[in-house]
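The shown structure was predicted, so the numbers you read here are calculated from the model rather than taken from an experiment. All values below were derived from every heavy atom in this structure, side-chain atoms included, with hydrogens, water molecules and symmetry-related copies excluded. Throughout, residue positions are numbered sequentially from 1 according to the sequence presented.
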Amino acid sequence: MEIRVRCGCGDSSCPEWAVVELQGVVQPQASFSGDIRGLHFGRLCSAPSPSSSKGGYTFTVGYHELAGTKVTLKKPLLVLRKKKLTGGAADQETPTAAEVELEVIGVIRHKILFKDRPKALISKPPTKEKKAVQLAAN
């Protein structure tokens with residue numbers, strides 16, 4: 001079976017995409033009953049890492065912060081969009097391979113890997129007794 005793949009980028013390079021790899025499961029709250037497509041559930045930031053020249057990434061979800069790194073994939077991946085060609089029969093529900101074309105809309109060469117446990121952003125506030133002891137010591 002032959003499927004045609006077309007790149008509409010022309011002479012310019014295709015847009016660069018990245019994969020975000022998390023360990024575990026990302027689930028919406030039980031009260032959420034909508035579609036998760038387009039749902040904002042965190043903030044991804046690029047942050048310089050003092051320990052390496054590569055730089056790092058932070059991903060904040062609720063009260064949890066994850067630290068990650070950018071990793072180059074061994075083989076790049078293509079992001080494709082399926083397009084039906086107009087020359088096929090309109091009454092068929094499933095188009096044949098000759099009536100389908102795949103369009104390249106991006107290339108994935110890197111992934112952002114979050115492999116460590118998240119850090120909690122909420123901590124206990126200092127008690128008033130400790131503040132009083134510090135003031136007495138000054």
K.L.:
Is there side-chain contact between V104 and V79, with heavy atoms separated by less than 4.5 Å?
P.N.:
no
K.L.:
May I ask whether L80 and V107 are part of the same hydrophobic cluster, defined by side-chain heavy atoms of I, L, V, M, F, W, Y residues being less than 4.5 angstrom apart, directly or through others?
P.N.:
yes
K.L.:
Is the closest side-chain heavy-atom distance between K82 and L102 below 4.5 Å?
P.N.:
yes
K.L.:
Nearest 0.5 angstrom please: R117 CZ to H64 NE2, how far?
P.N.:
11.0 Å
K.L.:
If every non-hydrogen atom of L73 is compared with every non-hydrogen atom of K111, which pair is closest and at what distance?
P.N.:
CD2-CD, 3.9 Å
K.L.:
So L77 and W17, do their side chains get closer than 4.5 Å, heavy atoms only?
P.N.:
no
K.L.:
Let me check something: do L44 and L22 share a hydrophobic cluster, defined by ILVMFWY side-chain heavy atoms less than 4.5 Å apart, either directly or through other members?
P.N.:
yes
K.L.:
Taking all non-hydrogen atoms of both residues, which atom of F114 and which atom of Q23 are closest, and how far apart?
P.N.:
O-CG, 3.4 Å
K.L.:
Under 4.5 Å between side-chain heavy atoms, counting indirect links through other Ile/Leu/Val/Met/Phe/Trp/Tyr residues: same cluster for I108 and V20 or not?
P.N.:
no
K.L.:
Quick one: closest heavy-atom pair of P118 and L66, and the distance?
P.N.:
CB-CG, 4.0 Å
K.L.:
Would you compute the distance between atom CD of E103 and atom CG of L78 and round it to the nearest 0.5 angstrom?
P.N.:
12.0 Å
K.L.:
For residues Y57 and T69, report the shortest heavy-atom separation together with the two atoms involved.
P.N.:
CD1-C, 4.5 Å
K.L.:
Is there a path of hydrophobic side-chain contacts, each under 4.5 Å between heavy atoms, that joins F59 and V71?
P.N.:
no
K.L.:
Are E101 and K83 within salt-bridge range, i.e. N to O under 4.0 Å?
P.N.:
no
